[in-house]
Amino acid sequence: MKKYLFLFLFISLSVGSFAQRKKPMVKAKEPQEVPSQGLKLFKSMLPATAKVMFIDSVVVPKSDFLKHVPISKESGFIHTANTHADFPNQMGAYENELGLRRIFAKGDSVQSELYTQTKLGSSWGQESQITDFNNQLYRNQNYPFLASDGVTLYFSAEGSESMGGRDIFMSSFDSDKASWYKPQNLGLPFNSTANDYLLAIDDLDSLGWLITDRRQPADKVCIYTFVPTETRQNFNSDDLDDKELMPYARLLSIKATWGFGDRKTAMERLEALKKRKLTKVSNSNAMAFVINDATVITSPTQFKSNRSRELYKQLVELQQMKGSLESTLIAKRKAYHKGDKSTANDILKAEKMLEQYQHDIADTEKNIRLTEQQ
């Protein structure tokens with residue numbers, strides 16, 4: 001440094017012959033910040049942000065957020081598999097409506113994977129790990145939720161496929177190959193550069209919940225209530241720049257999403273669901289079939305087409321057969337529990353038939369909605 005200072009003084013004090021040439025000073029390049037893999041993924045997914053109406057949100061303690069999700073019993077049960085563990089080691093579990101199948105996380109804050117179990121008689125069968133999910137790409141798998149179709153699984157994990165600490169992924173079960181497809185990142189706005197823990201959908205009430213800690217204190221999470229869509233719609237054709245997309249992609253304002261549906265009707269469904277859970281009152285004779293945000297059928301005469309009425313009649317018959325089979329299954333299980341092991345095969349067959357009824361019921365409901373919206 002002293003050498004360069006001396007030269008500068010020498011040149012400035014010298015006569016013109018020394019000042020004839022001056023080399024231009026080259027400004028050193030500032031090191032460019034390399035964006036993280038998560039931020040790169042966020043930016044790449046930004047144009048494909050889904051159009052989803054978020055109708056409500058509530059902040060709850062992170063330690064017990066599962067009990068604050070007001071999902072109906074018809075959509076199954078979500079709970080903590082290890083109730084006495086602290087939050088970093090908390091393992092989520094899902095159990096279907098019939099109590100025949102469950103998917104749960106097993107492990108700790110360092111490593112966890114998903115497992116499945118089915119019930120035989122009054123006890124659970126052997127645990128089976130879902131080995132189709134690479135535990136390096138999808139680390140710390142947790143908080144599973146199985147959709148009503150029995151084949152669509154949502155869960156959260158960390159890793160190179162995540163844009164934040166924890167992202168939500170979706171996979172489907174291939175019954176022909178008896179394996180799960182490669183999980184897909186749900187993208188924006190369901191995921192973020194923060195931790196996104198759980199996504200659950202109640203098909204009966206056409207409502208969903210997203211649990212995330214984005215923009216929350218360390219001990220809190222936010223539960224967003226949204227309206228699921230039959231098919232994913234995004235902003236690709238809306239010609240919005242990145243700045244205009246941010247409120248939707250990051251859920252900076254749920255009010256900005258209210259134009260994507262009928263919030264008032266959706267809120268009515270949410271309040272009705274909460275009331276049902278609080279009062280624990282159910283009326284099997286009451287009809288409340290949701291077509292979309294604006295239409296709820298309370299009588300078969302309200303259907304627009306004869307085809308819908310026929311499909312609804314089939315739906316009622318399927319539900320009745322399902323109920324009858326459930327009663328038979330209960331009796332078989334009691335016999336098995338009392339020592340009659342010959343009922344084991346009948347129980348397995350009944351459980352498979354019940355799953356088929358659930359699939360048929362879900363398909364029939366979907367066909368009714370599609371028919372009424374044509």
Side-chain angles (χ1 to χ4, degrees), residues 52 66 69-79 92-104 114 116-119 130 143-156 168-175 180-181 183-184 186 190 198-211 225-232 266 269-270 272-273 276-277 282 284 286-293 296-297 311-312 314-323 325-326 329 350-373:
V52 182
L66 288 175
V69 182
I71 195 165
S72 67
K73 65 180 182 62
E74 290 83 3
S75 297
F77 308 92
I78 50 178
H79 57 92
Y94 167 85
E95 187 174 322
N96 70 356
E97 174 195 0
L98 302 174
L100 304 177
R101 182 182 182 188
R102 66 184 178 189
I103 302 178
F104 59 95
L114 297 182
T116 64
Q117 267 185 310
T118 55
K119 182 173 281 189
I130 301 179
Y143 302 111
F145 180 83
L146 190 66
S148 61
D149 61 9
V151 297
T152 304
L153 176 66
Y154 301 96
F155 69 96
S156 64
I168 295 168
F169 296 88
M170 180 187 73
S171 178
S172 297
F173 188 73
D174 185 341
S175 57
W180 293 89
Y181 289 106
Q184 300 296 314
L186 279 189
F190 300 109
L198 170 75
L199 185 137
I201 294 178
D202 185 332
D203 283 325
L204 178 67
D205 295 280
S206 190
L207 295 169
W209 293 271
L210 168 68
I211 292 83
T225 305
F226 66 93
V227 176
T229 56
E230 289 284 344
T231 57
R232 186 183 179 105
R269 295 201 305 274
L270 176 60
L273 171 59
R276 289 203 314 268
K277 289 186 70 68
S282 63
S284 59
M287 177 184 177
F289 189 88
V290 177
I291 301 297
N292 52 40
D293 291 342
V296 178
I297 302 295
L311 285 170
Y312 185 76
Q314 294 176 21
L315 176 63
V316 172
E317 291 174 352
L318 284 169
Q319 291 171 336
Q320 290 173 346
M321 288 189 291
K322 175 187 166 189
L325 186 58
E326 286 172 347
L329 183 57
E351 288 174 346
K352 289 181 179 179
M353 192 175 294
L354 273 177
E355 288 189 2
Q356 185 60 52
Y357 279 147
Q358 286 180 306
H359 295 163
D360 292 342
I361 287 171
D363 287 343
T364 305
E365 290 175 341
K366 183 177 181 179
N367 287 335
I368 293 173
R369 293 189 179 101
L370 291 174
T371 302
E372 283 296 289
Q373 294 182 79

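Fair warning: this is a prediction, and the values are worked out from it, not measured in the lab.
Looking at heavy atoms from C-beta onward, N96 lies out of side-chain contact with L146 at the 4.5 angstrom threshold. A 4.5 Å side-chain heavy-atom check between L204 and L273 finds every atom pair outside the cut-off. In this structure, K352 and Q356 have side chains that are not in contact, with every pair of non-hydrogen atoms separated by 4.5 Å or more. You'll find the side chain of T364 reaches within 4.5 Å of the side chain of I368, heavy atoms only. Taking the side chain as every heavy atom from C-beta outward, L199 and F145 never approach each other to under 4.5 Å.
With sequence neighbours excluded, the residues forming a side chain to side chain contact (heavy atoms under 4.5 Å, CB included) with E365 are F289, L315, Q319, I361, R369, listed by chain and number. Not counting sequence neighbours, the partners of Q117 by the side chain to side chain contact (heavy atoms under 4.5 Å, CB included) test are R102, F104, W124, E127.
Between Y154 and A147, the shortest heavy-atom contact is CE1-CB, 4.4 Å. Between I103 and P144, the shortest heavy-atom distance links the atoms O-CG, 3.3 Å. Scanning both residues, G208 and P228, for their nearest heavy atoms gives N-CD, 3.9 Å. When all heavy atoms are compared, the tightest approach of F190 to I168 is O-CD1, 4.2 Å. S156 and Y143 get closest at one heavy-atom pair: OG-CD1, 3.8 Å. Of all the heavy atoms in V290 and S206, the pair that sits closest is CG1-CB, 4.1 Å.
Distance check, rounded to the nearest 0.5 Å: CG of L270 to CG of D205 gives 8.5 Å. The structure places CZ of R276 at 9.0 Å from NZ of K73, a figure rounded to the nearest 0.5 Å. Note that CD of E74 is 11.0 Å distant from OG of S148, once rounded to the nearest 0.5 Å. A distance of 9.5 Å separates CD1 in I201 from OG in S75, rounded to the nearest 0.5 Å. Within the model, atoms CG of D363 and CD of Q314 stand 11.5 Å from one another, a figure rounded to the nearest 0.5 Å.
Here the options are F169, F155, F173, the test is ring-ring contact (aromatic ring centres under 6.0 Å, His included), and the partner is W180; only F173 passes. Tested against L98, the residues E355, Q358, K119 include a single side-chain contact (heavy atoms from CB on, under 4.5 Å) partner, Q358.
Checked for salt-bridge contact, R269 and D202 miss the test: no charged N lies under 4.0 Å from a carboxylate O.
With S171 contributing its side chain and Y181 its backbone, the two residues share a donor-acceptor pair below 3.5 Å.
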(Q) With side-chain contact (heavy atoms from CB on, under 4.5 Å) as the criterion, how do E230 and K366 come out once you've worked through the C-alpha distance, each side chain's angles and the decisive distance to 0.1 Å? (A) CA-CA 9 Å; E230 289 284 344; K366 183 177 181 179; 3.7 Å; yes
Q: Go through the steps to decide whether Q320 and V316 satisfy the test side-chain contact (heavy atoms from CB on, under 4.5 Å), and finish with yes or no.
A: CA-CA 6 Å; Q320 290 173 346; V316 172; 3.7 Å; yes
Q.
Using the rule given for side-chain contact (heavy atoms from CB on, under 4.5 Å), can you reason through Y94 versus L153, listing the C-alpha separation, both sets of side-chain angles and the distance that settles it, and then say yes or no?
A. CA-CA 10 Å; Y94 167 85; L153 176 66; over 6 Å; no
Q) Where do I297 and I291 land on the side-chain contact (heavy atoms from CB on, under 4.5 Å) test, with the steps shown first? A) CA-CA 7 Å; I297 302 295; I291 301 297; 3.7 Å; yes
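The neighbour count for M353 CE, taken as heavy atoms of other residues, nucleotides or ligands under 6.0 Å away, does not exceed 12.
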